[in-house]
Asker: 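Sharing a structure here in structure tokens format.
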Amino acid sequence: MTRPNDKSVQALQWTGNSLKVLDQRQLPETTFYDEYRDAAGVTEAIATMRVRGAPAIGIAAAYGAVLSVIRHHAEDPANWRQKVAADMDLLATSRPTAVNLSWALEQMKALLNQPLTNPPAEIIEYAQKIHADDIAANTKMGELGADVLKGAKGVMTHCNTGALATGGYGTALGVIRSAYRRRPINIYAGETRPWLQGARLTVWELAQDSIPVTLCADSAAAWLMKSGAVDWIIVGADRIATNGDTANKIGTYSLAVLAKQHGVKVMVVAPTTTIDWSIESGDQIEIEQRHQSELLPACYIKDDSMVSAWNPVFDVTPVELISALVTERGVILNPAEQGIRGLKDDI
Ligand code: MRU
């Protein structure tokens, strides 16, 4: 499989008969790969965020379907499809917001609905193609996004959108990587409370590539923008509606509102697999709520008898606040005015 840099971090490794998943809950202290041999295990890995990031969970789900086919086809070569369908339904329940997950499963289902001579081999090849296509899309978006940044001196990113969150290289972080390779720019990463994807993952991932980064508290974003240090906020996406409204990590909407106030531009970087062509606006996107155990301990609260937590982990940024949408099929400046339907491949 083609990789932009063979030494780059790999969230997912296909071994031929199992899926190795880098446990992102343990980063940056420990680099540990769990190994999965069935779809239930992969479902659990996604739900518990051992693997996270929209494209990465789509690819993981595709390999989960592969593991299901390998197992059930070996057990019963005549009647394996029903069990695989049940496993795919299970994989689809693992997380609700990122559309890449259901997109990848739909791709796998479409293949399985065709007559196959050697189902395990053919489905492995197809999952690897989904994985490789994601890396290629990221490499392309990196260059396209870096072109848009031109003379920018500083950028701020949110969450982790790098190799850890994708097949490799990254979406928003891919643009930042490509821009930095052309000439050094100042990179700010928001900590991304409460799970700390920015502080724990983005900072670690950039360090692997010897790219310097400045971490700031989420609550410092307005003051950072006011200081004039950043020209662009650059983020990824979990689901983009056909009007361009974009669901991404909680806090993205806040950054976009602040950016408008301070004349800072907002770039969303996402492959077209993140566009949900079936919905018209962000109002139709299900926002995942995660358990309060991911918030209260981070705030040193051990006794939850008198306190509960509201923990939505995504929000929706209205398209009016987005200055540029970068995809592998091209860049749309000012998507609120231009529209995004031109990115659809069958029109
Ligand atoms: O909850 P997470 O860590 O899976 O959320 C990830 C994000 O919100 C990313 O910004 C998004 O998936 C794009 S990753 C290329």
Side-chain angles (χ1 to χ4, degrees), residues 8-9 11-12 21-25 27 45-61 94-104 131 134-135 137-142 145 156-177 189-202 204-205 218 233-240 246-256 266-276 282 285-291 294-295 298 311-317 322 325-328:
S8 72
V9 173
L12 300 166
V21 173
L22 176 56
D23 186 351
Q24 298 189 29
R25 302 170 317 167
L27 289 172
I46 296 170
T48 55
M49 292 175 66
R50 286 173 167 83
V51 57
R52 29 78 37 210
I57 64 176
I59 296 162
S94 54
R95 288 191 80 186
T97 303
V99 77
N100 306 62
L101 183 98
S102 48
W103 174 86
H131 194 167
D134 185 63
I135 298 170
N138 292 340
T139 312
K140 181 85 190 290
M141 292 189 294
M156 182 183 187
T157 191
H158 189 58
C159 196
N160 170 268
T161 59
L164 288 170
T166 63
Y169 201 64
T171 57
L173 209 59
V175 168
I176 291 170
R177 278 199 164 93
E191 56 184 350
T192 318
R193 291 215 163 211
W195 214 76
L196 299 178
Q197 285 93 333
R200 292 194 303 108
L201 307 180
T202 298
W204 178 80
E205 195 180 319
D218 291 336
I233 304 297
I234 309 182
V235 294
D238 286 82
R239 190 183 295 232
I240 300 174
T246 295
N248 190 48
K249 179 50 53 192
I250 188 79
T252 304
Y253 176 42
S254 317
L255 290 175
V266 175
M267 178 188 289
V268 172
V269 187
T272 47
T273 52
T274 304
I275 301 175
D276 184 345
I285 299 175
E286 182 182 348
I287 297 296
E288 179 182 10
Q289 291 273 344
R290 289 187 69 87
H291 197 264
E294 290 182 3
L295 180 54
N311 191 20
V313 297
F314 299 101
D315 57 27
V316 176
T317 299
I322 298 170
L325 171 61
V326 176
T327 75
E328 80 284 8

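First listed ligand is number 1; within each ligand, the first listed atom is number 1. No experiment lies behind these values; they were computed from the predicted model shown.
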Asker: Report yes if the side chains of Ile57 and Asn100 come closer than 4.5 Å at any heavy-atom pair, otherwise no.
Answerer: no

Asker: So which protein heavy atom does atom 11 (C) of ligand 1 come closest to, and at what separation?
Answerer: Asp238 OD1, 3.1 Å

Asker: Measuring only between side-chain heavy atoms, which start at C-beta, is Asp134 closer than 4.5 Å to Pro271?
Answerer: yes

Asker: Within the 3.5 Å criterion, strictly below it, is a donor on Arg52 or Asn160 matched to an acceptor on the partner's side chain?
Answerer: yes

Asker: Atom CG of Leu201 and atom CG of Leu196: how far apart are they, to the nearest 0.5 Å?
Answerer: 8.5 Å

Asker: If you have a sec, work out which protein heavy atom is nearest atom 5 (O) of ligand 1 and how many Å separate them, to one decimal?
Answerer: Lys249 CE, 3.2 Å

Asker: Which of the atoms in ligand 1, numbered in the order shown and given with their element, are less than 4.0 Å from a heavy-atom of Gln197?
Answerer: 1 (O), 2 (P), 3 (O)

Asker: Report yes if some N/O of Pro55 lies less than 3.5 Å from some N/O of ligand 1; otherwise report no.
Answerer: no

Asker: Is the shortest N/O to N/O distance between Arg95 and ligand 1 below 3.5 Å?
Answerer: yes

Asker: Donor-acceptor pair, Asp23 side chain versus Arg50 backbone, under 3.5 Å?
Answerer: no

Asker: Would you call Thr171 and Asn138 a side-chain contact if the rule is heavy atoms closer than 4.5 Å?
Answerer: yes

Asker: Do side-chain atoms of Gln24 reach the backbone of Leu164 as a donor and acceptor pair under 3.5 angstrom?
Answerer: yes

Asker: Just need the protein heavy atom nearest to atom 13 (C) of ligand 1, so name the residue and atom and give the distance.
Answerer: Ala237 O, 3.4 Å

Asker: Identify the two heavy atoms, one from Ala11 and one from Thr166, that lie closest to each other, and give their separation to 0.1 Å.
Answerer: CB-O, 4.5 Å

Asker: Between ligand 1 and Met49, can you find any atom pair, the residue atom being a heavy atom, that is separated by under 4.0 Å?
Answerer: yes

Asker: Please identify which atoms of ligand 1 are closer than 4.0 Å to at least one heavy atom of Thr166.
Answerer: 15 (C)

Asker: Say whether His158, considering both its backbone and side-chain N or O atoms, lies within less than 3.5 Å of an N or O atom on ligand 1.
Answerer: no

Asker: Could you establish whether Val313 and ligand 1 come within less than 4.0 Å of each other, counting only heavy atoms on the residue side?
Answerer: no

Asker: Atom 9 (C) of ligand 1: which protein heavy atom is closest, and how many Å away?
Answerer: Asn248 OD1, 3.4 Å

Asker: Nearest protein heavy atom to atom 12 (O) of ligand 1, by residue and atom, and its distance?
Answerer: Ala54 N, 2.8 Å

Asker: Can you tell me how far CD of Glu294 sits from CD of Gln289, rounded to the nearest 0.5 angstrom?
Answerer: 11.5 Å

Asker: Compute the minimum heavy-atom distance from Phe314 to ligand 1 and say whether it is under 4.0 Å.
Answerer: yes

Asker: Give me the residue, atom name and distance of the protein heavy atom closest to atom 14 (S) of ligand 1.
Answerer: Ala165 CB, 3.6 Å

Asker: Looking at ligand 1, would Ala98 count as a contact under a 4.0 Å heavy-atom criterion?
Answerer: no

Asker: Heavy atoms, side chains only, cut-off 4.5 Å: are Arg200 and Thr192 in contact?
Answerer: no

Asker: Looking at atom 15 (C) of ligand 1, what's its closest protein heavy atom, distance included?
Answerer: Thr171 OG1, 3.1 Å

